[in-house]
Amino acid sequence: MPTNHTSPYLPFGDQRTAAWYGKDIISVKQFTRSDLEYVFGVAHEMRGMVARVGTFDLLKGKILANLFYEPSTRTSSSFTAAMERLGGSVIPINEVRYSSVSKGESLPDTVRTLECYADVIVLRHPETGSAAIAAEAASKPLINAGDGIGEHPTQALLDTFTIFEELGAGQVDGMTVTMLGDLKYGRTVHSLARLLSLFRVKINYVSPEILRLPKEVLDEVDAKRIPQAEYRSLEQVLPETDVLYVTRVQKERFEDPADYEKVKGAYVIDPEIMKAAKKEMIVMHPLPRVGEISVDFDDDPRAAYFRQMEYGLYVRMALLAMVLGKA
Ligand code: ASP
């Protein structure tokens, strides 16, 4: 992706740094619109620095504990890469089976242990609300990397940064965003719908009946007076869509495997379907995909999902620098 060195965001080193020093990042509800401009300004600088020098010493001597109780490829490795590109180091705990968790240690005790050795903790856990509980136990900053079907705030921040960088920071107001797939269990859409409600967007939700967005999230978006509507079919809304956010149907979250079988292939994005979409729009996906976007679409310039992962590195660098007081 092209690197634009003239930042459209707030200047790096803005006085807001102090506001994030030592803070936990648990939910997108913590962010205002001007906070986002600040995070994206720092992320934009990080992008430029990585392009120019690759690795630098902003967080030299700092240690991140990367604690993952659920599988992860992108979130875990991008936090590791982010810390190492900033000159810091990482304690990786990806297999809690091999840690004292398997001996029955509680989450608060595990977190209190890790903060003896690390300056910041990143946590992914299968239970909704676990990040808030862990943050309560910890005195060092804790970043939520996904709590069950609850929230995935750093993903929503990188998703919004992707939209800003790909379609223009000034273009978000007035956009139509369509979220597709598993909107019930997809924590990324729960966070993204909440975060986008800071802008004057229109949001369409397309899902099977049993995978509708939770009412709680619909109500929160409604309270911000954001126009939103639910659909069962994509055809109706694809032509007006500026951002199509595709999600995986999350097999591991279904109580009844028969329900998963009924809806697993509900929507598949391919070059044929995308003929009805605008020429200037983007298709995003938090990944992994398991068939909901055909590989035949990957070479289309509108396919932004691989670029989206790279934006995640810069946003996570920004967040680490912010909570450690170095942005
Ligand atoms: N990687 C995303 C998450 O952790 C989406 C997914 O797993 O489908 O929520």
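Side-chain atoms are counted along with the backbone in the values below, which use heavy atoms only and exclude waters and symmetry mates. Whatever order the structure lists them in is the order used to number ligands and atoms, beginning at 1.
- Two rings, from Phe79 and Phe68, have their centers 6.0 Å or more apart.
- No more than 12 heavy atoms of other residues, nucleotides or ligands sit less than 6.0 Å from atom CZ of Arg200.
- Close approach of ligand 1 to Gln250 (heavy-atom distance below 4.0 Å) involves ligand atoms 6 (C), 8 (O).
- The residue among Leu287, Val249, Val290, Ile149 with a heavy atom at the shortest distance from atom 1 (N) of ligand 1 is Leu287.
- Residue-to-ligand polar distances place Arg187 within reach of ligand 1: an N/O pair is separated by less than 3.5 Å.
- By the salt bridge (Lys or Arg N to Asp or Glu O under 4.0 Å) test, Arg187 pairs with Glu70, sequence neighbours left out.
- Closest heavy-atom approach to atom 6 (C) of ligand 1 among the candidates Arg248, His152, Arg253: Arg248.
- In terms of the side-chain hydrogen bond (donor to acceptor under 3.5 Å, both in side chains) criterion, Gln171 has no residue partners (sequence neighbours excluded).
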Exercise. Does the pair Gln236 and Asn204 meet the rule for a side-chain hydrogen bond (donor to acceptor under 3.5 Å, both in side chains), with working shown?
Worked result: CA-CA 10 Å; Gln236 226 174 317; Asn204 300 315; over 6 Å; no
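- Below 4.0 Å from some heavy atom of Arg124 lie the following atoms of ligand 1, by number and element: 4 (O).
- Not a single heavy atom of Thr73 sits closer than 4.0 Å to an atom of ligand 1.
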